[in-house]
Amino acid sequence: MFSTICLLFLSGFICWMNTSKRIAWPDKNQVMVKMTIKPSYSRYAAGAMFLLATILCVIALGWGSGLFAATVVLMTAGSVSVLFFPFNYFGSKDILTLYICALALELLIR
C-alpha cells in the first residue's frame with residue numbers, strides 16, 4: 001500500500017512537471033506529449049493522483065496520521081523528482097523496477 005502511495009505521488013509530480021515550459025525532456029512517451037499540448041490534462045491527472053494517494057494514506061493510517069504522512073510523502077516525492085529528474089538518474093523502467101521490488105518486500109514482510 002505504501003509503495004503504491006509513493007508511486008502515485010511521484011507520478012503526480014512528474015505529470016505536474018510536464019506542465020512546465022522550462023523543463024523539457026527528450027524521451028517523453030506519447031501520453032506525456034499529448035498532455036503537453038493541453039496542460040490542463042496533466043494538471044488534472046496530477047491532482048487526481050495526489051487525491052487518490054492522500055485517500056489511501058487516510059484509509060491506511062487514519063485521519064490525523066494519514067494526512068500528516070500524505071504531506072510528508074508529498075514533500076519527499078517532490079524533492080526527489082526535482083533533485084533526480086534533471087540528471088536522468090531514473091527512467092520509467094527503473095522506477096517501475098524499484099516499485100515492484102518495494103511492493104514485493106512490502107507483501108513479504110506483511
Side-chain angles (χ1 to χ4, degrees):
M1 175 79 94
F2 290 106
S3 55
T4 304
I5 291 168
C6 292
L7 179 69
L8 282 171
F9 276 126
L10 186 64
S11 300
F13 263 102
I14 290 172
C15 283
W16 193 267
M17 285 174 38
N18 190 35
T19 64
S20 176
K21 301 284 187 217
R22 292 187 295 165
I23 299 173
W25 60 91
D27 56 342
K28 280 188 189 179
N29 59 13
Q30 294 298 324
V31 176
M32 289 295 198
V33 170
K34 289 180 182 177
M35 291 174 110
T36 304
I37 296 169
K38 282 241 169 177
S40 62
Y41 293 153
S42 191
R43 288 187 187 114
Y44 288 139
M49 285 186 239
F50 291 158
L51 183 64
L52 180 63
T54 303
I55 290 170
L56 288 174
C57 271
V58 169
I59 289 171
L61 299 172
W63 281 100
S65 58
L67 289 175
F68 180 74
T71 304
V72 170
V73 174
L74 177 72
M75 293 176 71
T76 304
S79 298
V80 165
S81 65
V82 169
L83 180 66
F84 291 141
F85 186 75
F87 300 114
N88 292 327
Y89 285 151
F90 294 113
S92 57
K93 290 180 183 177
D94 298 327
I95 292 172
L96 186 64
T97 303
L98 186 64
Y99 169 70
I100 290 171
C101 291
L103 186 65
L105 282 173
E106 187 176 349
L107 293 175
L108 284 175
I109 291 174
R110 186 173 169 219

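Hydrogens, waters and symmetry mates are skipped; everything else that's a heavy atom, side chains included, is used.
- Leu108 belongs to no hydrophobic cluster, as no Ile, Leu, Val, Met, Phe, Trp or Tyr side chain comes under 4.5 Å of its own.
- Hydrophobic cluster of Phe2: the remaining members, joined at side-chain heavy-atom separations below 4.5 Å, are Met1, Ile5, Leu8, Phe9, Phe13, Met49, Phe50, Leu52, Leu56, Leu61, Val73, Leu74, listed by chain and number.
- Listed by first and then second residue, the side chain to side chain donor-acceptor pair (under 3.5 Å) pairs that reach into residues 73-86 come to none, sequence neighbours excluded.
- Remark: Ile95 engages Leu7, Leu10, Ile14, Phe90 in a side chain to side chain contact (heavy atoms under 4.5 Å, CB included) (not counting sequence neighbours).
- In this structure Ser3 satisfies the side-chain hydrogen bond (donor to acceptor under 3.5 Å, both in side chains) test together with Glu106, sequence neighbours excluded.
- Under the side chain to side chain contact (heavy atoms under 4.5 Å, CB included) criterion, Ile55 pairs with Leu51, Ile59, sequence neighbours left out.
- Val72 belongs to a hydrophobic cluster whose remaining members, ordered by chain and number, are Phe68; membership requires side-chain heavy atoms of ILVMFWY residues under 4.5 Å apart, directly or through intermediates.
- Through side-chain heavy atoms spaced under 4.5 Å, either directly or across other Ile, Leu, Val, Met, Phe, Trp or Tyr residues, Val58 is tied to Trp63, Leu67.
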Solution key, residues 96-104 side-chain donor-acceptor pairs under 3.5 Å, sequence neighbours excluded:
unit_1: Thr97; atom_1: OG1; unit_2: Lys93; atom_2: O; d: 2.8
unit_1: Tyr99; atom_1: OH; unit_2: Thr4; atom_2: OG1; d: 2.9

